[in-house]
Number of protein chains: 2
Amino acid sequence: MPTSIKDIAKLLNVSVSTVSYAINGGPRTVSPEVREKVLDAARELGYRPNRVAKSMVTGRSRTIGIVPPEIVEDVLLSPYLQLALNGIFNAAGKSHHDLVLFTRLAGSGHEEVLSTILDGRVDGAVFIAPNSTNRAVLLAKELRIPCISLAGSEIDGVHTLSVANETGMRLAMRHLFDLGHRRIAHIAGRLDMQDAIERLRAYSEFMTNNRLAYHDSWVLKGQFHPDGGYAAMKSLLALPVRPTAVVCANDDMAIGALRACQEMGVSVPGEMSICGFDMTSASGLTIPPLTTVFQPIADMGRHAVKSVLDLIEGNPVPKHITFEPTLVVRSSTACPMMES
Amino acid sequence: MPTSIKDIAKLLNVSVSTVSYAINGGPRTVSPEVREKVLDAARELGYRPNRVAKSMVTGRSRTIGIVPPEIVEDVLLSPYLQLALNGIFNAAGKSHHDLVLFTRLAGSGHEEVLSTILDGRVDGAVFIAPNSTNRAVLLAKELRIPCISLAGSEIDGVHTLSVANETGMRLAMRHLFDLGHRRIAHIAGRLDMQDAIERLRAYSEFMTNNRLAYHDSWVLKGQFHPDGGYAAMKSLLALPVRPTAVVCANDDMAIGALRACQEMGVSVPGEMSICGFDMTSASGLTIPPLTTVFQPIADMGRHAVKSVLDLIEGNPVPKHITFEPTLVVRSSTACPMMES
DNA sequence: GAGAGGAATCGAAACGTTTCGATTCGCTTG
DNA sequence: CAAGCGAATCGAAACGTTTCGATTCCTCTC
């Protein structure tokens with residue numbers, strides 16, 4: 001129904017190739033008069049080039065695929081993903097690419113679904129926080145689709161952008177330690193995700209290296225959700241010997257933990273210091289505003305686009321880039337109260 | 001390079017059509033033996049159907065386009081958009097569609113860019129909060145691309161999903177009025193967006209209908225941004241006769257306004273009641289948590305997908321659906337203090 | 001045993017582009 | 001004036017599918 005290049009050709013009694021040359025301004029020249037005629041006719045008929053047909057022959061779509069993490073529900077509500085996606089979106093726009101958001105890869109092992117990634121619709125893909133069992137990454141790697149793993153597990157042979165989780169956790173722990181805290185707990189994230197694993201490990205190492213005794217009951221799982229952080233803090237507060245500070249593996253959990261303290265009448269940072277991770281926008285809105293580890297997530301998103309485009313062009317891309325986090329000290333951490 | 005249906009056909013000495021029938025299980029039957037052989041060979045060769053080629057001939061891509069509002073920067077950080085996008089994403093996944101996010105339509109009037117919408121990559125599109133000068137919607141409408149306008153201006157001939165802004169604003173105003181407030185201010189959004197316009201109008205109407213005097217200095221523009229809300233509240237607080245309550249056209253501005261009050265030592269809700277709009281997740285995290293107007297944005301996103309799919313299928317779709325908001329009373333609103 | 005009927009399969013067109021080899025034609029040059 | 005050249009244009013193949021008409025061939029029936 002929409003007008004095609006053929007319609008123009010027929011109307012003007014020229015060949016389709018001539019029309020194509022005229023419209024694209026190449027790769028061969030056409031006489032100025034013909035060019036003019038073609039352009040006029042195209043405008044007249046409301047011609048729109050069909051990108052699918054073009055993709056078909058050029059093999060390029062100027063589109064990048066985004067594969068969200070394998071979390072089942074409401075992925076797009078994760079502040080982390082939102083920051084990354086925003087960075088990716090902005091960068092993609094600048095380089096004239098659109099984004100395809102794959103809706104059905106999360107958690108699905110179905111072969112049929114997996115294949116939608118490499119069905120020609122995208123030139124490359126960015127995987128957001130994939131874990132090492134993510135079948136889609138594995139498949140993409142196997143089929144040599146240009147792809148970048150953003151803040152995910154280190155997967156053999158896949159280009160990876162990651163944040164130095166160890167550094168971030170050490171910064172947070174050092175900050176609390178220097179304030180005088182010795183009984184420091186940790187609310188961990190989903191332990192099937194790389195970030196969560198590394199943050200937990202760095203916590204353990206810090207405690208051991210500084211000869212701080214710590215119990216299993218001080219390490220809780222919060223699933224990266226506010227409710228998880230809330231529940232975790234509740235059980236920490238029920239302990240006979242309470243920790244004086246807690247580092248959460250993301251801001252959402254820290255927010256939940258803060259809520260638990262407020263409900264139980266435990267003052268923050270007076271009786272309990274709380275430190276978050278990620279510096280999402282919500283972390284600045286709480287009372288008190290959260291001390292948190294800033295990660296340049298948006299930057300990483302931008303960089304992911306650059307890398308994937310380089311990969312598509314065949315330019316060299318470093319196998320691994322690590323971004324350094326920094327500590328943002330706000331008001332949810334302070335010296336512990338003297339032992340009574 | 002990747003194996004195609006032809007490779008399988010050649011290998012097995014059958015025709016491409018037979019291979020196609022075998023793989024798709026139709027529309028014609030193939031003998032069980034051949035079917036088996038084809039499927040085996042496909043697996044063996046790592047065959048992946050090329051979706052672009054399929055789109056080419058069927059004219060369907062099982063992909064829905066998303067057109068963000070024409071805000072220039074960091075669109076994806078808007079909580080409103082995030083809620084809508086999440087709803088759309090979930091619904092699209094359920095109906096086996098992927099999403100393409102158009103990165104370059106915002107604010108761009110370039111014809112070339114506009115045409116990327118209707119280049120065959122998507123079967124239909126959802127426009128998020130377009131205003132009436134949005135050229136992309138107009139074009140899509142003109143070219144009869146199935147499309148839905150989500151919470152945007154009413155545009156002639158375009159299917160629209162909207163929220164009853166008047167009702168929402170009236171609920172908020174009535175709530176404050178019943179608490180005893182008479183001097184009620186309004187911090188408006190971007191007045192080039194439909195929601196902002198309607199909320200402002202409903203505010204004016206309520207004030208007039210209830211014979212409440214109000215000044216131009218009580219109606220401020222906050223651009224839907226926290227900083228805008230902050231600045232607006234600052235100028236309200238500088239007024240010789242302060243209002244006792246303010247309704248903001250979204251939560252972000254309410255959060256900014258709250259921050260301004262806290263900085264100036266104005267107690268909320270003691271000296272100033274603040275009401276938000278949208279019920280984004282952040283609105284529950286502030287101290288005090290915001291009273292706000294809940295809009296079923298995620299629901300609307302889901303519904304947008306359903307409607308656009310119906311439109312694609314040729315099913316009848318109502319021209320206009322309105323969703324009803326409700327008031328969520330939390331702690332940022334209370335009776336005004338007695339005049340001193 | 002000729003003809004009909006039906007299942008299985010084939011071949012080719014079509015979708016809308018891009019691009020490459022081939023053709024036309026006017027002009028220069030020896 | 002024949003040969004050669006370059007610019008402009010044409011025609012056709014190719015990309016990987018789907019699908020429709022045509023063909024083959026087996027079996028059943030009278």
Side-chain angles (χ1 to χ4, degrees), chain A residues 1-39 41-42 45-63 112 115-116 118-123 143, chain B residues 1-39 41-42 45-63 112 115-116 118-123 143:
Chain A
M1 191 66 91
T3 70
S4 79
I5 221 174
K6 262 187 204 162
D7 300 323
I8 302 180
K10 209 171 297 171
L11 180 69
L12 263 40
N13 266 321
V14 296
S15 71
V16 289
S17 42
T18 303
V19 176
S20 174
Y21 296 144
I23 286 175
N24 298 327
R28 294 194 188 171
T29 58
V30 287
S31 68
E33 313 91 67
V34 174
R35 216 172 77 86
E36 204 62 26
K37 271 201 308 181
V38 169
L39 263 28
L45 298 178
Y47 168 74
R48 310 272 156 189
N50 181 317
R51 190 83 150 271
V52 172
K54 180 171 177 163
S55 281
M56 180 94 216
V57 35
T58 61
R60 287 285 166 83
S61 60
R62 292 198 80 81
T63 302
E112 171 261 330
S115 69
T116 63
L118 13 102
D119 59 5
R121 281 183 299 174
V122 301
D123 296 340
L143 285 131
Chain B
M1 191 68 89
T3 68
S4 78
I5 222 175
K6 263 188 204 161
D7 300 322
I8 302 180
K10 210 172 296 170
L11 179 70
L12 262 39
N13 266 320
V14 296
S15 71
V16 289
S17 42
T18 303
V19 176
S20 174
Y21 295 144
I23 286 175
N24 298 327
R28 294 193 187 172
T29 59
V30 289
S31 68
E33 312 91 67
V34 173
R35 216 172 76 88
E36 204 62 25
K37 273 203 306 184
V38 169
L39 262 27
L45 298 177
Y47 168 75
R48 310 271 157 190
N50 180 317
R51 190 83 149 270
V52 173
K54 179 172 178 163
S55 282
M56 180 94 219
V57 35
T58 60
R60 288 284 166 83
S61 59
R62 293 198 77 82
T63 303
E112 172 259 330
S115 69
T116 63
L118 13 102
D119 58 5
R121 283 183 299 174
V122 300
D123 296 340
L143 285 130

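As the structure is a prediction and not an experimental result, all values here were calculated from the model.
Backbone-only contact: B:V30 has heavy atoms under 4.0 Å from sugar-phosphate atoms and none from a base. Heavy atoms of B:S4 sit under 4.0 angstrom from primed sugar atoms or phosphate atoms, though from no base atom. In this structure, B:V34 reaches the sugar-phosphate backbone alone: every heavy-atom distance under 4.0 Å involves primed, P, OP1 or OP2 atoms, never a base. Using a 4.0 Å heavy-atom cutoff across all strands shown, B:N13 reaches sugar-phosphate atoms only and no base atom. As judged by a 4.0 angstrom heavy-atom cut-off over every strand, A:S17 is placed among the base-contacting residues.
The distance from atom CZ of A:R51 to atom C1' of D:dC15 is 17 Å, rounded to the nearest whole Å. What separates CG of A:N50 from P of D:dC15 is a distance of 18 Å, to the nearest Å. Atom-to-atom, CG of A:N24 to P of C:dG16 comes out at 16 Å; the value is rounded to the nearest Å. Nucleotide C:dT19 holds its C1' atom 13 Å from the NZ atom of A:K54, rounded to whole Å. In this structure, NZ of A:K10 is placed 13 Å from C1' of C:dG16, rounded to the nearest angstrom. For the pair A:I5 CD1 and C:dG16 P, the interatomic distance rounds to 11 Å; values are reported in whole Å. If you take NZ of A:K6 and P of D:dA12, they are 13 Å apart, rounded to a whole angstrom. Spacing between atom CE of B:M56 and atom C1' of D:dT17 amounts to 10 Å, rounded to whole angstrom units.
Closest approach to the B:V16 side chain among C:dT18, D:dG16, D:dT18 is made by D:dT18 (side chain taken as heavy atoms from C-beta onward). The side chain of A:S31 lies closest to D:dA8, out of C:dC15, C:dG16, D:dA8. Among the nucleotides D:dT17, D:dC20, C:dT19, the one closest to any side-chain atom of B:Y21 is D:dC20. Side chain of B:T18, nearest nucleotide from C:dT19, C:dT9, D:dT17: C:dT9.
Contact detail for B:I5 and B:Y47: the closest heavy-atom pair is N-CE1, 3.6 Å.
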Take A:V19 and A:L12 through the side chain to side chain contact (heavy atoms under 4.5 Å, CB included) test and state the conclusion after the steps.
-> CA-CA 9 Å; A:V19 176; A:L12 263 40; 5.8 Å; no

List the steps, then state whether side chain to side chain contact (heavy atoms under 4.5 Å, CB included) holds for B:V34 with B:T18.
-> CA-CA 9 Å; B:V34 173; B:T18 303; 3.8 Å; yes

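You'll find a donor-acceptor pair under 3.5 Å spanning the side chain of B:R28 and the base of D:dG21, going by distance alone.
A residue-by-residue look at B:P32 and B:T58 shows that B:P32 has its nearest nucleotide of DNA chain C further toward the 5' end.
Close to D:dT18, at under 4.0 Å from its OP1 or OP2, lies a side-chain N or O of B:S20.
Rounding to the nearest 0.5 angstrom, the gap separating the CZ atom in A:R48 from the OG atom in A:S4 is 14.5 Å.
Judged by distance alone, with hydrogens and angles left aside, the side-chain atoms of A:S55 form a donor-acceptor pair with the main-chain N or O of A:R60 at under 3.5 Å.
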